[in-house]
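Quick note: residue numbers are just sequence positions, from 1.
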Amino acid sequence: MDIRQIQHFSTIVREGSFSRAARKLHIGQPALSKQIQALERELGVELLVRLPDGVRPTFAGARLDEMAQTLLTYVDDIRSAVREAAASLVGTVRLGLSPSLVSGLAGYLQGRFAEEHPQARVEIVEGLPMFLTEWVEEGRLDLGIFTHQPGHANPHLSFTEVGLDEMLLVAKQGTLSGIGDHVTPSVLQSLRLVLTPGFRDLLRASVELGQASDDIGSRTDSIHMVRDLVARGEYCSVLPYTFVRNDLDAGILTAVAFAPVLERRLVAVTRAGRQPSPAVRAVIEMARLRLGELTELRTSTGPDRRAHPPVDR
């Protein structure tokens, strides 16, 4: 016995005729008759009495029809409940952020998501893009947000751009006072640089900065170590605005922009072939909004974040 047999039997009782029920169900009358015969054999009772002008249920058939209405109503309720659950923002979104985005996105996303969707929450894991892509593909994360890496296509993942983030030459306050208004290849060659591998590749991929040496700068995988080396005045570096914004505002670091502007593309990554849940889509939109706000904030502060001596008037 299956739900479809019960639905078809109930339709026959409502319509009072195999032919009318078959038309309503859009199936052939012989196929419908076979379904009911199979149901009668399974239950071991006659369910319908054939009459010249149609059919009517037997006592057993009437009882089955009565119980079928309760069952079919419950089935409809199940459908509605499941669809509602799929459309509502409940549960946990497991989000992976690259280290350069944690300071700019983590607190904002958790706070705003909890405020707008109290039945759901965001769990954040920090990791390098190479690990985040693996964890998303394995299903350990629902979503990853990090710097897009050209040439690293993966047919098992879906990539959605969520924003741009300006890259800046940064150093300890007072270090960049004599290098001019914008960063040039010759400026980069003259500085003691430390770079993460990803941002080093971004520099080398830039057409305007392609003149820079292939071995430009020392390398370290830890962006936090890069930041500490720069803050101590031991090196300069090229870092994204979202990562150094607080240090710039606090006067710990200084920055000079590239001309033309050098930006990294930020992407939200989910598993390909499956529709992200409403909660995951909400996190992506919140991240896009936040990155847009940070871009506007960066634009409003101007390209040069160096401290200048006061001008006598």
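- A continuous path of ILVMFWY side-chain contacts below 4.5 Å connects V102 to L289, so both sit in one hydrophobic cluster.
- No option in I145, T147, L109 other than I145 meets the side-chain contact (heavy atoms from CB on, under 4.5 Å) test with L101.
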Would R298 and L168 count as a side chain to side chain contact (heavy atoms under 4.5 Å, CB included) if you check the C-alpha gap in whole Å, the side-chain angles of each, and the deciding distance to 0.1 Å? CA-CA 11 Å; R298 167 63 187 150; L168 302 169; 3.1 Å; yes
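- Across I284, D142, V283, a single residue satisfies side-chain contact (heavy atoms from CB on, under 4.5 Å) together with L95, and that is V283.
- Both L25 and L71 belong to a single network of hydrophobic side chains, linked directly or stepwise wherever heavy atoms of I, L, V, M, F, W or Y lie under 4.5 Å apart.
- Not counting sequence neighbours, the partners of T196 by the side chain to side chain contact (heavy atoms under 4.5 Å, CB included) test are F199, I223, V226.
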What do the steps show when you test L105 against I124 for side chain to side chain contact (heavy atoms under 4.5 Å, CB included), and what is the final call? CA-CA 10 Å; L105 289 182; I124 294 178; over 6 Å; no
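- Side chains of V244 and N246 form no contact here, defined as non-hydrogen atoms less than 4.5 Å apart.
- The backbone N or O of L48 sits less than 3.5 Å from a side-chain atom of R50, completing a donor-acceptor pair.
- From D247, atom CG reaches atom OG1 of T254 across 11.5 Å, with rounding to the nearest 0.5 Å.
- Looking only at side-chain heavy atoms (C-beta outward), E40 and L47 come within less than 4.5 Å of each other.
- V261 and V170 fall into different hydrophobic clusters, defined by Ile, Leu, Val, Met, Phe, Trp and Tyr side-chain heavy atoms under 4.5 Å apart, directly or through other members.
- Here F59 is tied to no hydrophobic group at all, with no ILVMFWY side chain closer than 4.5 Å.
- Shown here are the side-chain hydrogen bond (donor to acceptor under 3.5 Å, both in side chains) partners of T242, two or more places apart in sequence or in another chain: D165, R264.
- The line from CZ of R200 to OG of S218 is 9.5 Å long, rounded to the nearest 0.5 Å.
- R121 and E123 are joined by a salt bridge, as a carboxylate oxygen and a charged side-chain nitrogen come within less than 4.0 angstrom of each other.
- Heavy-atom minimum distance, C236 versus L176: SG-CD2, 4.1 Å.
- Nearest heavy-atom pair across N154 and E137 is ND2-OE1, 3.1 Å.
- Ion pairing of E116 with R112 is present here, as a side-chain N (NZ or NE/NH1/NH2) and a carboxylate O approach within less than 4.0 Å.
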L169 and L239: side chain to side chain contact (heavy atoms under 4.5 Å, CB included), yes or no, with the steps? CA-CA 7 Å; L169 175 65; L239 293 170; over 6 Å; no
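- Residues in residues 55-69 take part in these side-chain hydrogen bond (donor to acceptor under 3.5 Å, both in side chains) pairs, two or more places apart or across chains: S10-D65, S10-Q69, R14-D65, R63-E66, D65-Q69.
- Within 6.0 Å of atom CZ in R274, 12 or fewer heavy atoms from other residues, nucleotides or ligands are found, so the atom counts as exposed in its surroundings.
- Side-chain contact between E263 and F258 is absent, with no heavy atoms from C-beta onward closer than 4.5 Å.
- Under the ring pair (Phe, Tyr, Trp, His ring centres under 6.0 Å) criterion, F113 pairs with H117, not counting sequence neighbours.
- Remark: side-chain polar atoms of Q29 are not paired, donor with acceptor, to backbone N or O of A22 under 3.5 angstrom.
- Going from atom CD of E161 over to atom CG of L266 covers 8.0 Å, rounded to the nearest 0.5 Å.
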Working for side-chain hydrogen bond (donor to acceptor under 3.5 Å, both in side chains), residues Y241 and R245: CA-CA 5 Å; Y241 172 71; R245 178 177 61 94; 4.7 Å; no
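- L164 forms part of no hydrophobic cluster, judged by ILVMFWY side-chain heavy-atom separations under 4.5 Å.
- Using a 4.5 Å cut-off on side-chain heavy atoms (C-beta onward), R227 and V230 make no contact.
- Taking all atoms of both residues into account, the shortest heavy-atom contact from G104 to R290 is O-NE, 3.4 Å.
- Under the rule for a ring pair (Phe, Tyr, Trp, His ring centres under 6.0 Å), the partners of H224 that lie at least two apart in sequence or sit in another chain are F243.
- Between F18 and I36 the shortest heavy-atom distance is CE2-CG1, 3.9 Å.
- In this structure, I12 is a member of the same hydrophobic cluster as L43, with clusters built from ILVMFWY side-chain heavy atoms closer than 4.5 Å.
- Checked against side-chain hydrogen bond (donor to acceptor under 3.5 Å, both in side chains), S190 has no partners two or more places apart in sequence or in another chain.
- In this structure, T11 and A21 approach most closely via the heavy-atom pair CG2-CB, 4.0 Å.
- K24 meets the side-chain hydrogen bond (donor to acceptor under 3.5 Å, both in side chains) test with E15; sequence neighbours excluded.
- Distance check: D76 CG to L72 CG gives 7.0 Å after rounding to the nearest 0.5 Å.
- Every residue was checked against the side chain to side chain contact (heavy atoms under 4.5 Å, CB included) condition with E115, not counting sequence neighbours, and none meets it.
- Note that CG of L294 and CD of E166 are 12.5 Å apart. Values are rounded to the nearest 0.5 Å.
- Looking only at distances, a side-chain donor or acceptor of Q173 sits under 3.5 Å from a matching main-chain atom of G251.
- Between Q149 and P129, the shortest heavy-atom contact is OE1-CB, 3.9 Å.
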Using side chain to side chain contact (heavy atoms under 4.5 Å, CB included), reason through V13 and V55 one step at a time and then give a plain yes or no. CA-CA 8 Å; V13 173; V55 296; over 6 Å; no
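- With sequence neighbours left out, H8 forms a side-chain hydrogen bond (donor to acceptor under 3.5 Å, both in side chains) with Q35.
- M67 and L39 are not part of a single hydrophobic cluster, where members link through side-chain heavy atoms under 4.5 Å apart.
- In this structure, Q119 places its CD atom where only 12 or fewer heavy-atom neighbours from other residues, nucleotides or ligands lie under 6.0 Å away.
- Side-chain contact check for T220 and S222: no donor-acceptor pair (N or O, by modelled atom type) lies under 3.5 Å.
- Taking a 4.5 Å side-chain heavy-atom cut-off between Ile, Leu, Val, Met, Phe, Trp and Tyr, the cluster of L128 extends to V125, M130, F131, L132, W135, V136, L141, F146, L157, F159, V267, V269.
- Taken to the nearest 0.5 Å, the CD atom of E296 stands 11.5 Å off from the CG atom of L291.
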